[in-house]
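Report on the following structure.
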Amino acid sequence: MADSEFPYEHERYQRFNESLDEVGTIQIAGTEFLPSRILYEMEPIGYVEAYQEFQDTEFERLKDTVYNQYPSCIAYNFRLSEKGEGASDPVRKLLHLKDTWESIAFVLYAIVWGEIRHKAIDLKAAQVLVGTSPTGPVYRNFNTDRLISDALKIKIQNIKAVVEYSRANGLGLKCEEIEPDLLDKLLALQDIRNDISHHTAPTREEAEAELLQVIPLFKEMLMMTEFLAECKILRFESYTTKCRCEEFNGHYLNKEFGDFDFAANQAFVLGLGQEQLFIKWDNEIFSLSPFLHFLKDGVGRETYLSFFKGKKEGKYWFEPITKRDEISFDPLQARFDGEQAVLINLIVP
């Protein structure tokens, strides 16, 4: 099958190939062949069609996982795109999908820099791919402006640079589980998003045309994020025999709490206090500040994850889920500055 778009050995198709090969190998004249390889070589169109059907089935399976286990900002927006009041309206569905992939990018940004700050990883030698020139790719070192940029494309490029640097240098960071191909798809979606933003209010026909581009790419992107089901975003609330923490996973926005035994990490969690979000990702625990914070509703029923959007007039500005307005958490600005300073010292040559 001479189609570079569907290379058989690519890890993207590993689970599909394994599903075809569950029946066992096929023997021909004493030689064993994998069913997936036979289909790929002998009936390439059938292979592509079967893969797409497999993707559709896997996507349906993944939906409940996203609704119930992904970080709440992602789960909330994705559920709106599938089951919300405007899910059948192409304009609103498009905007909910955009909110979903942007939420994924914001969460990944907080995770990557949270791990770097927690482990004090020196990234002064790392470089970011910022574009191309007639002579080839153009790379730049990290700088303060890139770190706190409000441009989502720059945030995604930063994530990719950290992941690839860690992989290339054997740093063994947890964030290496983020596939560069996932980040490429987020960049592609963001390019489409930039086209969408040129319309103050896209018509139904324009939104339907955009969805034809977005939905296949979005599905492929989401299928590469299953690790997010293991990313528990928490806020320490109190301690008796265990740490009681507010949980930020699943599409419901109402306050939910659980009791956790963090073992060797307990002192670290207690030290974070009640005004900081952290992540528990398998055995890893680290703060997500200053790139992810939270806003309480004022009546004690709901808490909203809030993304860092950018720094203006000396303040860190955040956008809470369900809101379109940016807010600052003025009493915490000095802490945010200190956390940024740690990162700057680690990444800027």
Side-chain angles (χ1 to χ4, degrees), residues 4 7-15 17-18 71 104-132 136-149 152-188 220-233 262-265 267-269 278-292 339-349:
S4 59
Y8 176 83
E9 302 292 347
H10 197 289
E11 60 188 22
R12 182 189 315 170
Y13 309 112
Q14 180 179 348
R15 282 170 54 180
N17 291 334
E18 289 173 351
I104 291 171
F106 284 125
V107 168
L108 294 180
Y109 202 66
I111 289 173
V112 165
W113 290 122
E115 184 174 14
I116 295 301
R117 185 166 69 87
H118 181 68
K119 297 178 179 178
I121 303 298
D122 189 329
L123 293 180
K124 295 184 183 68
Q127 292 196 316
V128 189
L129 176 63
V130 298
T132 57
V138 178
Y139 291 89
R140 296 283 186 270
N141 291 106
F142 283 116
N143 57 47
T144 302
D145 289 341
R146 287 199 68 89
L147 179 68
I148 60 175
S149 172
L152 199 67
K153 185 172 183 178
I154 289 178
K155 293 180 190 292
I156 298 169
Q157 290 172 339
N158 290 348
I159 297 168
K160 188 175 181 182
V162 173
V163 171
E164 292 185 334
Y165 183 82
S166 180
R167 290 183 172 195
N169 291 277
L171 300 183
L173 294 178
K174 187 66 173 173
C175 66
E176 288 181 23
E177 292 189 26
I178 303 170
E179 290 293 337
D181 195 28
L182 159 62
L183 301 170
D184 289 338
K185 286 178 169 49
L186 284 171
L187 287 170
E220 287 193 1
M221 179 278 298
L222 197 67
M223 292 295 296
M224 304 180 76
T225 65
E226 286 197 70
F227 64 89
L228 287 172
E230 305 304 320
C231 294
K232 308 303 180 187
I233 296 178
F262 294 116
N265 290 300
F268 172 75
V269 172
F278 64 96
I279 188 172
K280 182 181 185 303
W281 184 3
D282 296 332
N283 295 323
E284 303 270 356
I285 293 178
F286 47 84
S287 170
L288 297 174
S289 189
F291 296 110
L292 203 61
E339 292 161 347
Q340 176 193 311
V342 172
L343 281 170
I344 294 302
N345 287 334
L346 290 170
I347 71 174
V348 178

So how far is it from [X] [atom1] to [Y] [atom2], rounded to the nearest 0.5 Å?
| X | Y | atom1 | atom2 | answer |
| --- | --- | --- | --- | --- |
| Leu183 | Ile178 | CG | CD1 | 6.5 Å |
| Glu179 | Lys185 | CD | NZ | 10.5 Å |
| Ile111 | Lys174 | CD1 | NZ | 10.5 Å |
| Leu186 | Met224 | CG | CE | 9.5 Å |
| Cys175 | Ile116 | SG | CD1 | 5.5 Å |
| Ile154 | Leu187 | CD1 | CG | 11.0 Å |

Contact summary for [X] and [Y], nearest pair of heavy atoms:
| X | Y | value |
| --- | --- | --- |
| Ile156 | Ala105 | CG1-CB, 4.1 Å |
| Phe286 | Gly114 | CD1-C, 3.5 Å |
| Tyr139 | Pro137 | CE1-CB, 3.6 Å |
| Leu228 | Pro71 | O-CD, 3.6 Å |
| Leu292 | Ala110 | CB-CB, 3.9 Å |
| Phe142 | Leu123 | CD1-O, 4.3 Å |

Self-check item: ring pair (Phe, Tyr, Trp, His ring centres under 6.0 Å) assessment of Phe262 paired with Phe278
Solution: CA-CA 12 Å; Phe262 294 116; Phe278 64 96; 5.7 Å; yes
Practice problem: Compare all side-chain heavy atoms of Leu182 with those of Phe227 and state whether any distance is below 4.5 angstrom. | Solution: yes
Quiz item: Quick one: are Ile347 and Val162 in side-chain contact, heavy atoms under 4.5 Å?
Solution: no
Practice problem: Could I get the full list of side chain to side chain donor-acceptor pair (under 3.5 Å) partners for Thr225, not counting sequence neighbours? | Solution: Tyr70
Practice problem: Output all residues satisfying side chain to side chain donor-acceptor pair (under 3.5 Å) with Asn143, sequence neighbours left out; order by chain, then residue number. | Solution: none
Self-check item: Criterion side-chain hydrogen bond (donor to acceptor under 3.5 Å, both in side chains) against Glu115, the qualifying member of His118, Arg117, Lys119
Solution: Lys119
Salt bridge (charged side-chain N to carboxylate O under 4.0 Å, His left out) partners of [X], counting only residues at least two apart:
| X | value |
| --- | --- |
| Glu176 | none |
| Lys160 | Asp184 |
| Lys124 | Asp122 |

Quiz item: Any salt bridge (Lys or Arg N to Asp or Glu O under 4.0 Å) pairs touching residues 137-146, not counting sequence neighbours?
Solution: none
Quiz prompt | Aromatic plane relationship, Phe291 with Tyr109 - under 30° parallel, 30 to 60° tilted, over 60° perpendicular | solution = perpendicular
Quiz item: Taking Val138 as the fixed residue, which of Thr132, Val130, Leu129 is the one that meets the side-chain contact (heavy atoms from CB on, under 4.5 Å) rule?
Solution: Val130
Practice problem: Before giving the answer on side chain to side chain contact (heavy atoms under 4.5 Å, CB included), spell out for Val128 and Asn158 the whole-Å C-alpha distance, their side-chain angles and the decisive distance to 0.1 Å. | Solution: CA-CA 6 Å; Val128 189; Asn158 290 348; 4.0 Å; yes
Quiz item: Within the side chain of Lys280, is there an N or O that forms a donor-acceptor pair under 3.5 Å with the backbone of Asp282?
Solution: yes
